[in-house]
Amino acid sequence: MALSDITTRLAACAETHGRAAADITLIAVSKVQPTERVDAVLTEGHRIFGENRVQEAQGRWPDFQARFDGIDLHLIGPLQTNKARQAVEMFGTIHTVDRPKLAKTLARLAQERGTSPDLFIQVNTGEEPQKAGCLPSEADAFIADARAMDLPLLGLMCIPPVDEEPSLHFALLAKIAKRNGLSGLSMGMSSDFETAIAQGATHIRVGSAIFGERTPV
Ligand SMILES: *Cc1c(COP(=O)(O)O)cnc(C)c1O
């Protein structure tokens, strides 16, 4: 089964690089996948899932949460401020904090609710105009601002450009995290998670290698 293949590869890769497999969180990215496939992975015992849209997650996770204990949801797609409240109610971790307005909204919600999801700041390492994330040159200042707002910042996240060597982007993300004293690195997907683990990933986001190809909606 695909899930056990990935956990086996994760463990082997961690060992090769002198890392503890337990320090690497496998997020099974279930966006757009048919319910039966998600159900199968839950039945196998996995509990950590990634979704990229608040609305899609709201549509189907309450049913799963009624049937399976201990589900931990991660938001890995862009977040609009008008969806922030729904997002903080649903997700234990948000990987896509990328602008001051969103950080302020999350800080206000944290104050009001007395709790906040764990947060990653998304960095647009490829400086792609169509992609979310703060620019590498703005990252240090944005990290400092988020910290000043008392937000629980775990680390940084990136999605490398599809046509470039991912390791250059992983290295850049790791460098920015290190100089800011952040230990979390959300990087690596189906095609490159082993490269990401080699470069220090603490959270890998794996979709199609676990669930099969996504059928376009
Ligand atoms: C879809 C998605 C993934 C998973 O991609 P796969 O190639 O299917 O593993 C990981 N991260 C983000 C941000 C995504 O949107």
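Remember, it's 1-based here, ligands and their atoms both numbered in the order they're listed.
Checked for salt-bridge contact, D69 and R47 miss the test: no charged N lies under 4.0 Å from a carboxylate O. Note on R85 versus E112: salt bridge recorded, some NZ/NE/NH1/NH2 to OD/OE distance being below 4.0 Å. The pair K131-E128 meets the salt-bridge criterion, with a side-chain N (NZ, NE, NH1 or NH2) lying under 4.0 Å from an Asp/Glu carboxylate O.
The shortest N or O to N or O distance between G207 and ligand 1 is below 3.5 Å.
The single protein non-hydrogen atom nearest to atom 12 (C) of ligand 1 is I76 CD1, 3.5 Å, given as residue, atom name and distance. Summary of contacts: the protein heavy atom closest to atom 9 (O) of ligand 1 is S190 OG, 2.5 Å. Considering only non-hydrogen protein atoms, atom 11 (N) of ligand 1 sits nearest to R205 NE, 2.9 Å. Of the protein's non-hydrogen atoms, M189 SD, 3.2 Å is the one closest to atom 10 (C) of ligand 1.
For N52, no heavy-atom contact with ligand 1 is shorter than 4.0 Å.
Looking at heavy atoms from C-beta onward, R205 lies out of side-chain contact with F193 at the 4.5 angstrom threshold. The shortest distance between side-chain heavy atoms of F49 and H74 does not fall below 4.5 Å.
Residue S208 has at least one heavy-atom neighbour below 4.0 Å for each of these atoms of ligand 1: 6 (P), 7 (O), 8 (O), 9 (O). Residue contact check: V206 has heavy atoms under 4.0 Å from atoms 9 (O) of ligand 1.
Taking all heavy atoms of Q122, M157, K31 into account, the minimum distance to atom 14 (C) of ligand 1 is reached by K31.
Aromatic ring orientation, F68 versus F64: tilted (interplanar angle from 30° to 60°).
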Please report the C-alpha distance between T125 and F170 in whole Å, then the side-chain angles of each, then the deciding distance to 0.1 Å, and finally whether the side-chain contact (heavy atoms from CB on, under 4.5 Å) criterion is met.
CA-CA 9 Å; T125 55; F170 298 157; over 6 Å; no
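Proximity of R214 to ligand 1 is established by a heavy-atom distance of less than 4.0 Å.
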